[in-house]
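This report refers to the structure that appears directly beneath it.
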Amino acid sequence: MDYNATTPTRHEARVVAERVLRDCYGNPSSVHFAGRQAKKVLDESREKLAAALGARASEIVFTGGGTESDNTAIKGVASRHGRGHIVTSVIEHPAVLETCRSLETEGFDVTYVTVDTAGRIDPEEVRDAIRSDTILISIMWANNETGVVQPVAAIGEIARERGVVFFSDAVQAFARLPVDVREARVDMLSISGHKLYAPKGIGALYVRKGVELVPLAHGGGHERGRRSGTENVAGIAALGEAARLACEEREPESERLRVLRDRLEDGVLKAVPGTSVNGAGTGRISNTANIRFEAADGEAIVYGLDEQRIAVSSASACAASHTEPSYVLTAMGLSRREAEDSVRFSLGRYSDATDVERCLEVLPAVVDRVRSLDRAAG
Ligand code: PLP
């Protein structure tokens, strides 16, 4: 129940990756037969991703994952301007937040818009934050901790009106929601393979035709000069196939997960007193339940469930080594203690009703034990 942290590589993605590793060893930049064979794999995968996003193949840049895509987009625009102002939000993933903080040390100005108690950004706040020197708006599509979906289309409209480049981190949204770059009017958008049943260390960045980026790394000018380095052909093949299948299966799978997630939330709220759902008041991706257990430390619940071989998370996994409570939840108005008492359950392809029922069976005793230990500790 920790699919927002990562997903297992699906069978079909593994099969295409294995085939490429076995049969397709050429360098896609080589002109000979082996190179052309590898290049064909890249072209096919690029087409699949473009189709999944409503983009053109030439607008897809393969990267080493979500973090690299986020950095490429934000630093790429920033470097081109040299200075200026960026609008982002307080609930972005560290791949965006830390990139913006790093740019602040280089002299860029950044406005971090806040969220309401449901975890949602107000597009009007984004509009108000835009200045004459604003070079970029970076707002995530769906939050990794709460699953709350942000009003990207409305923000895209504002960005277009004001002539500001709009980037969205769609790492958690892609494959779970319809993501169409033209409809949402985004100029750049990031995705990550390991959140959609492809391997880790592969991702993509959509860059609308006409948006100019300075690349992070210089080299052989691969990916139309936007990301140098010999491509991860097997990973790219797996990503393309996983993205194609994710889109094909998205609607029924989202609905299936919604039913399971709602059963989990209802079951927890009924079986465990003093519980509430963070971000319940607004649209969320259908697989995520972020639940607060009053007076029960979330991390202790994670360990209690781990003893039962149930994997959940108490803050975003990428920030799991930090001892600070979730900045996403405190931004929604939760106190430090309330944020610490929260646990994220996230379901996926291999989750079923048996998993949810087993979790509901063991959870009340786990929470009781954590609460009595917390009471004993004062
Ligand atoms: N953005 C969001 C919203 C994420 O949830 C994650 C991963 O947790 C990332 C970016 C980073 O992606 P990657 O792990 O592929 O670097």
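Start at 1 with the first residue, then count along the sequence. Atoms within a ligand are numbered from 1 in the order they appear, just like the ligands themselves. The analysis underlying the following values was restricted to heavy atoms, covering all of them including side chains, and did not include hydrogens, waters or symmetry mates. Everything quoted here is computed from the prediction, not taken from an experiment.
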Given His81, His85, Met188, the one that forms side-chain contact (heavy atoms from CB on, under 4.5 Å) with Leu136
Met188
If you count heavy atoms of other groups shown closer than 6.0 angstrom to CZ of Arg131, is the number above 12?
yes
Numbering the atoms of ligand 1 from 1, which are under 4.0 Å from a heavy atom of Gly66?
12 (O), 13 (P), 15 (O), 16 (O)
Glu68, Gln172, Glu92, Lys195: member with heavy atom nearest to atom 7 (C) of ligand 1:
Lys195
Check ligand 1 against Asp70 and write out every atom of the ligand that is under 4.0 Å from a heavy-atom position of the residue.
1 (N), 10 (C)
Other residues, nucleotides and ligands only: do more than 12 of their heavy atoms fall within 6.0 Å of NZ on Lys48?
yes
Is ligand 1 under 4.0 Å from a heavy atom in the side chain of Thr67, in the backbone, in both, or in neither?
both
With heavy atoms of Gly65 as the reference, note each atom of ligand 1 found under 4.0 Å away.
15 (O)
Subset of ligand 1 atoms that lie under 4.0 Å from at least one heavy atom of Asn144
3 (C), 5 (O)
A student comparing His194, Met140, His93 should find that the heavy atom closest to atom 4 (C) of ligand 1 comes from His93
Return yes or no for this condition: an N or O of Asp169 is under 3.5 Å from an N or O of ligand 1.
yes
Taking only non-hydrogen atoms of Lys200, do any sit less than 4.0 angstrom from ligand 1?
no
